[in-house]
Amino acid sequence: TKLAIVDEATGYLAGSGMFKTTDGGLRWTQILSPQSIDGGSVNDIHFLDVNNAFPVYTSDFENEPILERKNGLATTNDGGVSWTLTPLDHSQEISSVYFHSTTTGFISALDWEESETVILKTEDGGKSWTQLVVGNFDRLVYRYLIFKYADSRTGYAYQYTNVFITQDGGESWVPYTFRNDLPSVNYDDILCMGVVNEKTLFAGLSMIGSYTHDTPIVRFESGSAPKVVATIPHKVFQLEFSPTGNLGFAVGLKDADPPSELSPVNLSLYRTGDKGETWQEEYINEYIYDPSYIEIAAAMSVPSENVVYN
């Protein structure tokens with residue numbers, strides 16, 4: 001499930017199709033059905049503005065004797081009233097999308113045949129694509145490559161402990177590792193990243209495995225050494241900030257309190273109101289009946305200091 005909020009009133013919820021709100025989340029209207037995208041689901045969505053959107057979708061179907069996959073890009077220039085569907089001639093498992101104009105965009109994907117992590121680029125709105133291989137992935141414990149952009153020029157892509165940085169709008173990607181700057185932090189997984197602007201980002205670092213592993217939240221600021229601003233005593237899966245960076249939230253999982261056979265975990269929420277310098281836990285009595293649903297529960301967007309979607 002992906003949540004893309006354009007402004008305080010307008011937002012989009014994507015997963016099994018897409019839904020739109022224009023009244024701050026009070027009502028949601030379906031604007032893209034699963035049937036219209038070959039019975040598939042939306043993996044990610046990027047909005048340039050209230051009118052131009054770029055969701056990517058995947059559908060799996062039986063074609064005896066093998067399971068086949070269809071990928072596609074859906075585009076709208078009227079806020080979801082009408083859509084253009086473009087099949088993607090790539091068998092990879094697509095995960096993240098970003099467009100910095102109506103014609104130039106990027107998709108991250110896993111190529112299972114070669115065990116390679118790739119970035120696909122289009123300059124004609126999705127009609128044709130070029131491919132850049134940026135690394136390999138573990139087929140047993142795999143992670144998707146996730147895009148986080150600060151602006152149309154500066155962006156980050158992360159997977160496992162690997163980070164790739166672009167400062168030219170995605171024309172080139174330079175590998176970077178946190179390890180040289182954080183020798184005292186033990187981690188083998190970048191769980192989440194929150195980008196405030198081209199100079200400031202936050203990352204949640206942890207170990208692969210149980211959700212009970214600690215998650216140090218690290219702040220990276222241009223010109224300064226990285227700083228661990230908080231250590232959450234369990235895994236954090238989402239970091240989101242308001243446009244100013246003053247208000248931020250970390251969403252994760254913790255042991256249910258009180259314990260329950262039906263609900264082993266609770267959703268956890270931490271809040272900062274001072275640009276990530278300090279973090280306080282917010283009490284929310286929200287049970288997660290299946291930890292695999294954390295992506296749904298953790299979907300969040302903070303379009304302003306006054307409005308939070310979750």
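Under the side-chain hydrogen bond (donor to acceptor under 3.5 Å, both in side chains) criterion, D124 pairs with T122, S128, not counting sequence neighbours. Taking T76 as the reference, A53, D78, W83 meet the side chain to side chain contact (heavy atoms under 4.5 Å, CB included) condition, with sequence neighbours excluded.
Of the possible donor and acceptor atoms, one in the side chain of D188 sits under 3.5 Å from a partner among the backbone N and O of I208. Judged by distance alone, with hydrogens and angles left aside, the side-chain atoms of S108 form a donor-acceptor pair with the main-chain N or O of S96 at under 3.5 Å. Between the side chain of T21 and the main chain of G11, no donor-acceptor pair closer than 3.5 Å is present. Distance alone, capped at 3.5 Å, is enough to place a donor-acceptor pair between the T272 side chain and the T278 backbone. No donor-acceptor pair closer than 3.5 Å links the side chain of S206 to the backbone N or O of K235.
Heavy-atom neighbours of E171 CD from other residues, nucleotides or ligands within 6.0 Å: above the threshold of 12.
Under 4.0 Å is where a charged nitrogen must lie from a carboxylate oxygen, and between E281 and K254 at least one such pair does. R143 has no carboxylate O lying under 4.0 Å from a charged side-chain N of E93, or vice versa, which leaves the two without a salt bridge. Ion pairing between E221 and K275 fails under the 4.0 Å rule for side-chain N and carboxylate O.
Both I165 and M193 are members of a single hydrophobic cluster when ILVMFWY side chains are connected at heavy-atom separations under 4.5 Å.
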For residues 12-20, which side-chain donor-acceptor pairs fall under 3.5 Å, sequence neighbours excluded?
unit_1, atom_1, unit_2, atom_2, d
Y12, OH, K20, NZ, 3.3
Y12, OH, V50, O, 3.4
K20, NZ, G79, O, 2.9

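Using a 30° and 60° split on the angle between ring planes, F202 and F241 fall in the parallel class, below 30°. The aromatic rings of H100 and F106 sit tilted relative to each other, their planes meeting at an angle between 30° and 60°. Using bins of under 30°, 30° to 60° and over 60° for the plane-to-plane angle, the ring pair W173/F147 lands in the parallel bin.
Counting only N and O atoms by type, the side chains of H234 and S268 include a donor and acceptor under 3.5 Å apart. Side chains of D44 and Y57: no donor on one and acceptor on the other come within 3.5 Å. A donor atom on one side chain and an acceptor atom on the other are not found under 3.5 Å apart for E282 and Q280.
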